[in-house]
Amino acid sequence: MTPEDLSSALFDIVTARLDGSASITAADVLLERPRNRDHGDWTSNIAMKLAKSLGTNPRAFAAELVPEISAIAGVSKVDVAGPGFINITLDTAAAGEIARSILVAGDSYGHNHQLDGLSVNMEFVSANPTGPLHLGHTRWAALGDAIARVLSASGAEVTTEYYINDAGNQMDNFGASILAAAKGEPTPEKGYPGEYIQQLAAKVLEQVPNLAELPHDEAVGVARDIGYRQQLEEIKTSLESFNVHFDVFFSELSLHETDPETGLSLIDQAAVRLREQGHVYEKDDAVWVKTTDFGDDKDRVLTRGNGITTYFAADAAYYLNKKDRGFTEKIYLLGADHHGYVGRLKALAAAAGDDPDVNISVLIGQLVNLNGAKLSKRAGNIIELDDLVAWVGADALRYWLARYPADSPLSLDGEVLRSRTNDNPVFYVQYAHSRTRSVAKNAAAAGVDRSVFEPSLLSHEAETELLGSLQELPRIVAQSAELREPHRVARYLEEVAGHYHRWYSVCRVLPLGDEPVTDLHRTRLWLNDATGQVIRNGLELLGVSAPDRM
RNA sequence: GCCUCUGUAGCUCAGUGGAUAGAGCAGCGGCCUUCUAAUCCGCUUGUCGUAGGUUCGAUUCCUACCAGGGGCACCA
């Protein structure tokens, strides 16, 4: 008896009762875990939802359903309570069966079909390649990667993508900064002052020892190109060490390159396409897109009076490129400092003929600060991602960043992240996992194996609670994917870990002293192992390791 | 001025219309010769920012207001 079985059985009963007088979908027949366990294992508010359209009293309607629900295999008790809740209690064996289901499903337990058929482009981080990843990027790296994982686990086809802003003045400023450092000159105006610039300059000089003798513009170009390649490699390495994977690194520069056959760049082509759709006009020597037709608060410039295209033009070309690659949904994960982009991106999607409510999602996250201090790359007081990882560990950092909703302000406290106490929930969860492993190991040594599984024996209150939480993983994952809120997985894991620790303290898997090994011990080993599987699968979705020992 | 996010226990925060609003921390008090005490058990804490509205029911949805964060380029 999985929750899905119960849910579909309930759905059939309600549908039959309706007899075509009202239509409902499976999603309407929502089964929930009641907060108060006195209200049973599962509860449904379907009677209250339907009472109005049926013109009947919710309690009366619920009461009519009770006999049929009671007849479902594995259901031991059905009550109508309060304004019309239907509270369902399962018999012990039916509830315990989930432990076996989990172990059969293994690493795929929790995966679901909520988003089957959805093709998603998930863009995040996209930091300028003019310096190392720093604190400001950590949240998007952890969150974006976790979102991609829950989407995939829910059946979506996901491509993770990093947009490299490798065009424009900033790259020249970057090159000029490296050149200045190579020559021992002060950082130029609008340049990058960080210590890493010195190291990049040293790399450039290794490859081009006569850099200082080249004509200035050429030297800037050489410093820029070599520095860029080096910096991008370091960014990729940092992301790997943070367990964040990108399928595609997309170069903005490639949007500017002209096709030798047509003489047009992707940006030019985008302008043509938008013009063909009737959304482009000229004013004050510039070329504009009428994004206000699609809800933007002002029109946007594609080509400036001086003939140079804007960053927005590249955004447009990039969006069209994603559309051409066939993604039904383009997700952008941006910081709150970019929230002004939402309107123009949505308008862009609409102008391109897409549905802005379906084909594009712009997720805005609040910024992170560390011990109250905000950091600026330009100011040179950056805290690099690598330093943070080395300081507190990738697991603690990723878990902390993933356990809060994106729109919740977040501050990092290095001392808490390093602490081995309940201040730092990652250890609470990881410890629970390692405990399941050590119990399993000791069980093997004590001759307890999984040769017998008798779920009706899992009748202790702590086991009921634990089983109840274990069966929720699939719906938690589906919900996290649907809402793009992976923090729900983290909060759920903390709940599972709590139930496990409490179970551990009252229910022994191993026999005491000279006690014989019983079927209860064997069956509990199933439950122990199933718990380990659930925690491992959940942590995997957050990109956090599940150690066997701590 | 406009847009947007946030406001829940002393602190940090969960809670996508349900029943008596939760967790961790902090505070006080318990349990280690038996599967790892990084665990567990007990006690204590609320005008869910304010005021209206929507309905069987609102911390949750809508409106206004108050307070705080962020944003409103022919920069990238």
Side-chain angles (χ1 to χ4, degrees), chain A residues 32 34-36 38-39 43 45 48-49 51-52 57-59 81-85 87 128 130 165 167-171 173 190 252 283-288 297-298 300-314 335-343 364-367 369 403-411 413 416 419-428 430-432 434-443 445-446 448 479 482-483 485 487-488 490-492 494-495 497-498 500-513 515 521 524-525 528 549-550:
Chain A
E32 292 180 307
R35 264 200 281 270
N36 184 340
D38 294 339
H39 296 143
T43 186
N45 62 0
M48 287 177 286
K49 285 220 161 139
K52 191 192 287 179
N57 173 309
R59 284 195 62 109
F85 292 102
N87 294 335
N128 292 344
T130 53
N165 295 132
N169 299 334
Q170 56 180 349
M171 292 305 292
N173 295 336
K190 290 189 177 175
E252 182 193 348
K283 192 184 84 177
D284 302 337
D285 296 331
V287 180
W288 298 71
D297 30 6
K298 60 190 70 167
R300 305 291 167 178
V301 172
L302 272 183
T303 308
R304 289 180 264 170
N306 61 11
I308 298 176
T309 56
T310 60
Y311 192 80
F312 177 72
D337 52 340
H338 286 73
H339 116 271
Y341 285 41
V342 177
I364 297 298
Q366 298 299 306
L367 304 180
N369 60 69
R403 84 184 278 268
Y404 298 93
D407 48 17
S408 159
L410 180 53
S411 60
D413 184 324
V416 169
S419 71
R420 302 288 176 112
T421 68
N422 269 1
D423 282 334
N424 198 0
V426 68
F427 291 112
Y428 185 74
Q430 285 186 321
Y431 179 57
S434 70
R435 205 171 218 187
T436 66
R437 304 300 280 188
S438 115
V439 166
K441 195 174 151 197
N442 293 332
V448 177
Q479 187 184 47
E482 188 70 35
L483 300 173
E485 292 184 349
H487 75 275
R488 290 167 187 276
R491 302 292 173 158
Y492 164 75
E494 288 162 31
E495 184 188 313
Y500 177 75
H501 285 311
R502 284 187 278 282
W503 174 72
Y504 174 92
S505 68
V506 292
C507 293
R508 288 190 59 90
V509 174
L510 271 59
L512 258 178
E515 278 180 4
H521 296 124
R524 280 179 173 168
L525 181 58
N528 176 79
R549 295 187 57 82
M550 293 181 69

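In the text below, chain A, chain B and the rest are named by the order of the sequence lines, each starting its count at 1.
When heavy atoms are screened at a 4.0 angstrom cut-off, A/P409 is found touching the sugar-phosphate backbone but no base atom. Within 4.0 Å (heavy atoms only), A/R502 reaches sugar-phosphate atoms of the nucleic acid but no base atom. Nucleic acid contact for A/R420: base, since at least one base atom lies under 4.0 Å from a heavy atom of the residue. Here A/N57 lies out of heavy-atom contact (under 4.0 Å) with every strand. Using a 4.0 Å heavy-atom cutoff across all strands shown, A/P405 reaches sugar-phosphate atoms only and no base atom. If you check every strand for non-hydrogen atoms under 4.0 Å, A/Q479 touches a base.
For A/R435 and A/Y504, the positive end sits near the middle of the six-membered ring, less than 6.0 Å away and at most 45° from its axis. Figure legend: A/R491 and A/Y404 shown as a cation-pi pair, the cationic atom lying under 6.0 angstrom from the six-membered ring centre and within 45 degrees of its axis.
Rounded to whole Å, atom P of B/rA38 lies 18 Å from atom CD of A/E494. Rounded to a whole Å, the CG atom of A/D407 is 14 Å from the P atom of B/rU4.
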Q | Stepwise side-chain contact (heavy atoms from CB on, under 4.5 Å) check, A/T303 with A/I308 | A | CA-CA 6 Å; A/T303 308; A/I308 298 176; over 6 Å; no
Q: Determine, step by step, whether A/N165 and A/Q170 satisfy the side chain to side chain donor-acceptor pair (under 3.5 Å) criterion, reporting the C-alpha distance in whole Å, the side-chain angles of both residues, the deciding distance to 0.1 Å, and the verdict.
A: CA-CA 9 Å; A/N165 295 132; A/Q170 56 180 349; 5.2 Å; no
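Searching all strands for a Watson-Crick or G-U wobble partner of B/rA26 with both distances below 3.5 Å returns nothing. Under the Watson-Crick or G-U wobble criterion, with both distances below 3.5 Å, B/rG7 is paired with B/rC66. A 3.5 Å limit on both hydrogen-bonding distances identifies no Watson-Crick or G-U partner for B/rG57. Under the Watson-Crick or G-U wobble criterion, with both distances below 3.5 Å, B/rG1 is paired with B/rC72. Here B/rG46 sits opposite no nucleotide as a Watson-Crick or G-U wobble pair (both hydrogen-bonding atom distances under 3.5 Å).
Nearest heavy atoms, A/E252 versus A/A314: OE2-CB, 3.7 Å.
Close to B/rA38, at under 4.0 Å from its OP1 or OP2, lies no side-chain N or O of A/T421. Contact annotation: A/R488 side-chain N/O to B/rU16 OP1/OP2 distance is under 4.0 Å. Between A/H487 and B/rG15, a side-chain N or O to OP1/OP2 separation shorter than 4.0 Å is present. Residue A/N442 places at least one side-chain N or O closer than 4.0 Å to OP1 or OP2 of B/rU36.
Of the candidates B/rC41, B/rU36, B/rG70, the closest approach to any side-chain atom of A/H339 belongs to B/rG70. Each of B/rU16, B/rG70, B/rU36 was ranked by its minimum atom distance to the side chain of A/Y504; first place goes to B/rU36. Of the candidate nucleotides B/rC5, B/rG70, B/rA19, B/rC5 has the atom nearest to the side chain of A/Q366. Distance from the side chain of A/D423 is smallest to B/rC25 among B/rC25, B/rU36, B/rG71.
Ring stacking is absent between A/F85 and B/rG18, as the pair misses the limits of under 5.5 Å between centres and under 30 degrees between planes.
Distance noted for atom P between B/rG42 and B/rC3: 49 Å (whole Å). Only the P atoms considered, B/rG49 is 16 Å distant from B/rU16, to the nearest whole Å. The gap from the P atom of B/rU45 to that of B/rG1 amounts to 43 Å, rounded to the nearest Å. To the nearest whole angstrom, the two P atoms, one in B/rU8 and one in B/rG69, are 16 Å apart. Taking atom C1' on both B/rC25 and B/rA9, the two are 12 Å apart, rounded to the nearest angstrom. One C1' atom belongs to B/rC41, the other to B/rG46, and the distance between them is 25 Å to the nearest Å. Comparing B/rA26 with B/rA19, their C1' atoms are spaced 31 Å from each other, to the whole Å. For the P atom pair drawn from B/rC61 and B/rG17, the interatomic distance equals 7 Å after rounding to whole Å.
Of the two residues contacting RNA chain B, namely A/M550 and A/L483, the nearest-nucleotide position lying further toward the 5' end is that of A/L483. Two residues, A/A336 and A/A443, neighbour RNA chain B, and the one matched to the more 5' nucleotide by heavy-atom proximity is A/A443.
Salt-bridge formation is not detected for the pair A/R420/A/D423: no Lys NZ or Arg NE/NH1/NH2 atom is positioned less than 4.0 Å from an Asp or Glu carboxylate oxygen.
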Close N/O contacts between protein and nucleotides 73-76 of chain B (under 3.5 Å):
{"residue": "B/rA73", "atom": "O5'", "partner": "A/K298", "partner atom": "NZ", "Å": "3.4"}
{"residue": "B/rC74", "atom": "O2", "partner": "A/G305", "partner atom": "N", "Å": "2.7"}
{"residue": "B/rC74", "atom": "N4", "partner": "A/D284", "partner atom": "O", "Å": "3.0"}
{"residue": "B/rC75", "atom": "OP2", "partner": "A/R304", "partner atom": "NE", "Å": "3.2"}
{"residue": "B/rC75", "atom": "OP2", "partner": "A/R304", "partner atom": "NH1", "Å": "2.4"}
{"residue": "B/rC75", "atom": "N4", "partner": "A/Y341", "partner atom": "OH", "Å": "3.4"}
{"residue": "B/rA76", "atom": "OP1", "partner": "A/R304", "partner atom": "NH2", "Å": "2.8"}
{"residue": "B/rA76", "atom": "O3'", "partner": "A/A167", "partner atom": "O", "Å": "2.7"}
{"residue": "B/rA76", "atom": "O3'", "partner": "A/Q170", "partner atom": "NE2", "Å": "3.2"}
{"residue": "B/rA76", "atom": "O2'", "partner": "A/Q170", "partner atom": "OE1", "Å": "2.5"}
{"residue": "B/rA76", "atom": "O2'", "partner": "A/Q170", "partner atom": "NE2", "Å": "2.5"}
{"residue": "B/rA76", "atom": "N6", "partner": "A/Y341", "partner atom": "OH", "Å": "2.3"}
{"residue": "B/rA76", "atom": "N1", "partner": "A/Y341", "partner atom": "OH", "Å": "2.1"}

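Contact annotation: the side chain of A/S434 never approaches that of A/R549 to less than 4.5 Å [non-hydrogen atoms, C-beta and beyond].
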